[in-house]
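The first residue in the sequence is number 1, and the count goes up from there.
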Amino acid sequence: MKRTKKMRAAIIGSGNIGSDLLIKIMRSEHLVCTLFSGRNLGSLGMQQAKALGVNVSDKGIGAISSDPDICDIVFDATSAQAHGHHWEILRKQGKFVIDMTPAKLGEFCIPALNARSCIDIGAKNINMITCGGQSSIPIANAIAAVHANIEYIEVVSSIASLSAGPATRANLDEYIETTEDALLRFSGAQRAKAILILNPANPPIDMQTTIYAKIANPDIPAIRQSVEAMVAKLKEYVPGYALIVPPTVEGDRVLTTIKVVGNGDYLPQYAGNLDIINCAAIAVAEMIATSVHAKENLHA
């Protein structure tokens, strides 16, 4: 008989990212949250988890250290600095880890590009890069599919200030470095630059990311076709992902703009930055779950 049980998931970090992940896991056909762990039982995220009947703890990674059997996969929604310590513990326990921080210790992953290869090589630590990376890198990759020799690529992401929690603000340097490294890897560009703008406007703005690529003699019709095909792939797991400025020439650069509207699970819909990285993480985790269960069924 085939096994259809869900993979047990733990979330470390009870802030915006972790709280939104919890709602998404509650809807998943392949995952079940068996632990929501942070540092403050009185936080809004903890209160939500308790109201949903989820097992909570204020011991952080300690809740997993003391009970390794509580989960199979861990979402680390803390900080880049904390992730190094967490990974040392989780690696020894053989856990699958989805790193929501820009720590760069695991395999860079964009579901539309390389989730399957990450799983096929047996990666245990999968890094979701950054929200700006999840929105821009697939487009950069689509442009590179038409023009392999990109001289320079720049991405500017603007997000609502209210959607950026303390961990995001504390990791701004890591955000820039990790996004730029991943851009270079997936686009093959000679140089890359990432910019993040925290916009305090009220009412809050939706997330927008503009990609600039310096290319000699760009084939705009072919670039548009490639970008539109990539947008369709992204929409499969991020419904609010939309192309609002098709690739066009501006001076000596190709310009295109993406907008991401969130699902409104934990934060309002303007928090598309939160939604895109969490949707990407859930997509990868569900692929891991189905792969593990397929292997179990094969040997059952």
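Listed here is the closest heavy atom pair of A142 and M230: CB-CB, 3.9 Å. Across L113 and P138, no two heavy atoms sit closer than the pair CD1-CA, 4.2 Å. When all heavy atoms of E88 and R91 are compared, the closest pair comes out as OE1-NH2, 3.0 Å. In terms of heavy atoms, C131 sits closest to I277 at N-CD1, 3.9 Å. Closest of all the heavy-atom pairs between G38 and M46 is N-CE, 3.0 Å. Closest approach of G132 and Y175 over heavy atoms only: CA-OH, 3.2 Å.
For residues 141-155, the salt bridge (Lys or Arg N to Asp or Glu O under 4.0 Å) pairs, not counting sequence neighbours, are E151-K214. Screening residues 251-261 for side chain to side chain donor-acceptor pair (under 3.5 Å), with sequence neighbours left out, gives D206-K259, T210-T257, E250-R253. Among pairs with a residue in residues 133-145, those fulfilling side chain to side chain donor-acceptor pair (under 3.5 Å) read S135-T209, at least two apart in sequence or across chains. The stretch residues 268-284 participates, sequence neighbours left out, in these salt bridge (Lys or Arg N to Asp or Glu O under 4.0 Å) pairs: K24-D275. Evaluation of the side chain to side chain donor-acceptor pair (under 3.5 Å) test over residues 219-232, restricted to residues two or more places apart or in two chains, returns none. Counting only residues at least two apart or in different chains, salt bridge (Lys or Arg N to Asp or Glu O under 4.0 Å) contacts with residues 51-80 comprise R8-D72. Legend: side chain to side chain donor-acceptor pair (under 3.5 Å) pairs involving residues 104-115, not counting sequence neighbours, sorted by first then second residue: K104-E177, K104-D181.
Qualifying side-chain hydrogen bond (donor to acceptor under 3.5 Å, both in side chains) partners for S57, counting only residues two or more places apart in sequence or in other chains: none. For T248, there are no side-chain hydrogen bond (donor to acceptor under 3.5 Å, both in side chains) partners at least two apart in sequence or on another chain. For D173, the salt bridge (charged side-chain N to carboxylate O under 4.0 Å, His left out) test picks out no residue, with sequence neighbours left out. Here Q48 pairs with nothing under the side-chain hydrogen bond (donor to acceptor under 3.5 Å, both in side chains) rule; sequence neighbours left out. Not a single side-chain hydrogen bond (donor to acceptor under 3.5 Å, both in side chains) links T168 to another residue, sequence neighbours left out.
In the hydrophobic clustering of this structure, I282 does not group with I12; members are Ile, Leu, Val, Met, Phe, Trp, Tyr whose side-chain heavy atoms approach within less than 4.5 Å, directly or through other members. Hydrophobic clustering keeps L90 apart from I119 (ILVMFWY residues linked when any side-chain heavy atoms are closer than 4.5 Å, directly or through intermediates). One hydrophobic cluster, built from ILVMFWY side chains closer than 4.5 Å, holds both V292 and I73. At a threshold of 4.5 Å between side-chain heavy atoms, the hydrophobic network of Ile, Leu, Val, Met, Phe, Trp and Tyr places M100 and L44 in one connected group. There is no path of hydrophobic side-chain contacts, each under 4.5 Å, that joins V249 to V156.
Among the candidates L35, T78, I25, the single residue satisfying the side-chain contact (heavy atoms from CB on, under 4.5 Å) test with I11 is I25.
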message: Between K5 and H293, does the side-chain contact (heavy atoms from CB on, under 4.5 Å) criterion hold? Intermediate values first, please.
response: CA-CA 8 Å; K5 69 175 184 180; H293 291 162; 4.1 Å; yes
Should D265 and R27 be marked as a side-chain contact (heavy atoms from CB on, under 4.5 Å) after you check the CA-CA gap, both sets of side-chain angles, and the distance that decides it? CA-CA 11 Å; D265 290 327; R27 289 200 304 265; 2.9 Å; yes
Next item on the list: Could you walk me through whether I195 and V155 pass the side-chain contact (heavy atoms from CB on, under 4.5 Å) test, one step at a time?
Entry: CA-CA 6 Å; I195 298 170; V155 300; over 6 Å; no
In sequence, state the C-alpha distance, the side-chain angles, and the governing distance for L41 and V56, and then conclude on side-chain contact (heavy atoms from CB on, under 4.5 Å). CA-CA 8 Å; L41 289 175; V56 301; 4.1 Å; yes
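S19 contributes a side-chain N or O that, together with a main-chain N or O of S14, makes up a donor-acceptor pair within less than 3.5 Å. When atom types are taken as modelled, the side chain of N199 and the backbone of A201 share a donor-acceptor pair closer than 3.5 angstrom. A donor-acceptor pair is defined here as one N or O able to donate and one able to accept, closer than 3.5 Å; no such pair exists between the side chain of S291 and the backbone of M287. Listed for the Y237 side chain is a donor-acceptor partner under 3.5 Å among the backbone atoms of A112. Judged purely by atom type and a 3.5 angstrom limit, E180 uses its side chain to pair as donor or acceptor with the backbone of A194. In this structure, the side chain of K95 engages the main chain of C71 through a donor-acceptor pair within 3.5 Å. Using a distance-only test at 3.5 Å, with no hydrogens or angles considered, no donor-acceptor pair links the side chain of R39 to the main chain of G60. The closest donor-acceptor contact from the side chain of N171 to the backbone of A80 lies under 3.5 Å. Looking at Q190, its side chain never comes within 3.5 Å of a backbone N or O of L184 through a donor-acceptor pair.
For the pair E174 and T101, the minimum side-chain heavy-atom distance is 4.5 Å or more. Between N263 and V238, the closest side-chain pair of non-hydrogen atoms is not below 4.5 Å. Under the 4.5 Å side-chain criterion, counting only non-hydrogen atoms from C-beta, R169 is in contact with S161. Using a 4.5 Å heavy-atom cutoff, the side chains of K233 and Y241 are not in contact. Side-chain contact between I215 and V146 is absent, with no heavy-atom pair separated by less than 4.5 Å. No side-chain heavy atom of N273 sits under 4.5 Å from any side-chain heavy atom of S157. Residues S163 and L274 fail the side-chain proximity criterion, which asks for heavy atoms closer than 4.5 Å. Residues Y266 and N278 form no side-chain contact, since every pair of their non-hydrogen atoms from C-beta on lies 4.5 Å or further apart.
Atom SG of C109 and atom CD1 of I98 lie 7.5 Å apart (nearest 0.5 Å). Taken to the nearest 0.5 Å, the OG atom of S66 stands 9.0 Å off from the CD1 atom of I64. With rounding to the nearest 0.5 angstrom, the CG atom of D99 is 10.5 Å from the CD1 atom of I129. Of the inter-residue distances, the one linking I211 atom CD1 with S187 atom OG reads 11.5 Å to the nearest 0.5 angstrom. In this structure, M207 CE and I276 CD1 are separated by 6.0 Å, a value rounded to the nearest 0.5 Å. L52 CG to F36 CZ: the interatomic distance, rounded to the nearest 0.5 Å, is 9.5 Å.
N127 and H83 are not linked by any side-chain donor-acceptor pair at a separation below 3.5 angstrom, with hydrogens and angles left out of the test.
Taking a 6.0 Å sphere around CG of N149, one finds it holds 12 or fewer heavy atoms contributed by other residues, nucleotides or ligands.
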